[in-house]
Amino acid sequence: TATVSIEGLPAGITGTGGTFTGSGSNGSLTFSAVASTSGGVYPFLLHITAPAVGINDSLHNDLQVIGQSFTFSASPLAVPINQGGTATSALSVTRSIAFSGAIAVTAENLPPGVTASFAPASISGTSSTVTFTATSSAQLGGATVTLRGKTPNLADATIPISLFVSPSNSAGFTIAG
């Protein structure tokens, strides 16, 4: 009979060994990490004892944790919009292999008279579209709008969008030159 124990793991990560009996028996080790555990390599000590055959040994090893995370991007990053008009940008989400949760998206630092809506506003897949809507009296000029993706227990991801509000062409004609 051999007993295997795991020691030295950081808070948030647990490991379970076990007791193995019989010659040539196989066993397994079980590790688990809470969702907020950062990805990385964590050293641990594997302790093996089998008193009947005089084994009392420890092995240093490493556990690689693939952290839950996501990033997202937008296209285009520079969005022109006319007063009284709308403009869109496509969002694309890249997830770590360990993360499948929903991501809530919001827009911050919008200029006066401009709103943002998302379809969908909670991303469970890999994409969303943001639609900017400017009133006929929206503040003219450029602004850096921050798109923010949030999900519980993970760091937020942000994207800066350059939004430029121009006057509407309400006269109904274009000057060509």
Side-chain angles (χ1 to χ4, degrees), residues 6-16 28-46 60-169:
I6 300 167
E7 300 170 7
L9 292 170
I13 300 177
T14 57
T16 305
S28 62
L29 304 175
T30 303
F31 295 92
S32 63
V34 297
S36 59
T37 302
S38 297
V41 176
Y42 298 92
F44 69 93
L45 188 65
L46 187 65
H60 292 275
N61 210 332
D62 292 319
L63 174 67
Q64 182 172 3
V65 174
I66 299 172
Q68 294 188 20
S69 65
F70 68 96
T71 59
F72 69 127
S73 59
S75 180
L77 289 172
V79 180
I81 187 171
N82 289 331
Q83 287 177 320
T86 61
T88 61
S89 185
L91 306 180
S92 178
V93 175
T94 302
R95 300 166 180 271
S96 70
I97 193 168
F99 176 63
S100 62
I103 302 163
V105 285
T106 58
E108 302 168 358
N109 308 319
L110 289 162
V114 177
T115 59
S117 59
F118 297 86
S122 180
I123 306 170
S124 56
T126 58
S127 64
S128 180
T129 300
V130 57
T131 299
F132 297 101
T133 303
T135 65
S136 59
S137 60
Q139 179 178 307
L140 297 173
T144 300
V145 174
T146 300
L147 302 184
R148 181 174 303 277
K150 296 182 79 138
T151 192
N153 301 317
L154 298 181
D156 294 357
T158 58
I159 305 170
I161 297 282
S162 297
L163 189 69
F164 191 83
V165 180
S166 300
S168 65
N169 186 2

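The shown structure was predicted, so the numbers you read here are calculated from the model rather than taken from an experiment.
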Under the ring-ring contact (aromatic ring centres under 6.0 Å, His included) definition, can you give me all pairs with a residue in residues 91-117, not counting sequence neighbours? Phe70-Phe99
Consider only side-chain N and O atoms of Thr131 and Ser117, and report whether a donor and an acceptor are under 3.5 Å apart. no
Once you round to the nearest 0.5 Å, how far does CG of Leu45 lie from CD1 of Ile6? 10.0 Å
Atom CG in Leu110, atom OG1 in Thr133: separation rounded to 0.5 Å? 10.0 Å
Closest approach of Gln83 to Ser168 (non-hydrogen atoms, all atoms of both residues): O-CB, 3.2 Å
Would you mind listing every salt bridge (charged side-chain N to carboxylate O under 4.0 Å, His left out) that reaches into residues 87-116, with sequence neighbours excluded? Glu108-Arg148
For a 4.5 angstrom cut-off between non-hydrogen side-chain atoms, does Val114 reach Val165? yes
Closest heavy-atom pair and its distance - Phe72, Thr158: CE2-N, 4.1 Å
Taking the side chain from Ser89 and the backbone from Pro76, do they hold a donor-acceptor pair closer than 3.5 Å? yes
Approximate separation, where rounding is to 0.5 Å, of Ile103 CD1 and Asp156 CG: 10.5 Å
If you take all heavy atoms of Pro43 and Asp62, which pair is closest and at what distance? CA-OD1, 3.4 Å
Please name the pair of heavy atoms, one in Thr151 and one in Ala102, separated by the smallest distance, quoted to 0.1 Å. OG1-O, 2.8 Å
Go through the structure and list residues passing ring pair (Phe, Tyr, Trp, His ring centres under 6.0 Å) with Phe44, not counting sequence neighbours. Phe31
If you define the side chain from C-beta out and look only at heavy atoms, does anything of Leu77 sit under 4.5 Å from Ile159? yes
Looking only at non-hydrogen atoms, find the nearest pair between Ala134 and Asn82 and report the distance. CB-O, 3.6 Å
Starting at OG of Ser166, measure out to CG of Leu140 and round the result to the nearest 0.5 Å. 7.5 Å
Partner of Asn109 under side chain to side chain contact (heavy atoms under 4.5 Å, CB included), chosen from Leu163, Thr146, Ile161, Val145: Thr146
Measuring from atom CG of Leu91 to atom OG1 of Thr129, what distance do you get when rounded to the nearest 0.5 angstrom? 7.0 Å
Pairwise distance CZ(Phe164) to CD1(Ile81) - rounded to 0.5 angstrom: 12.0 Å
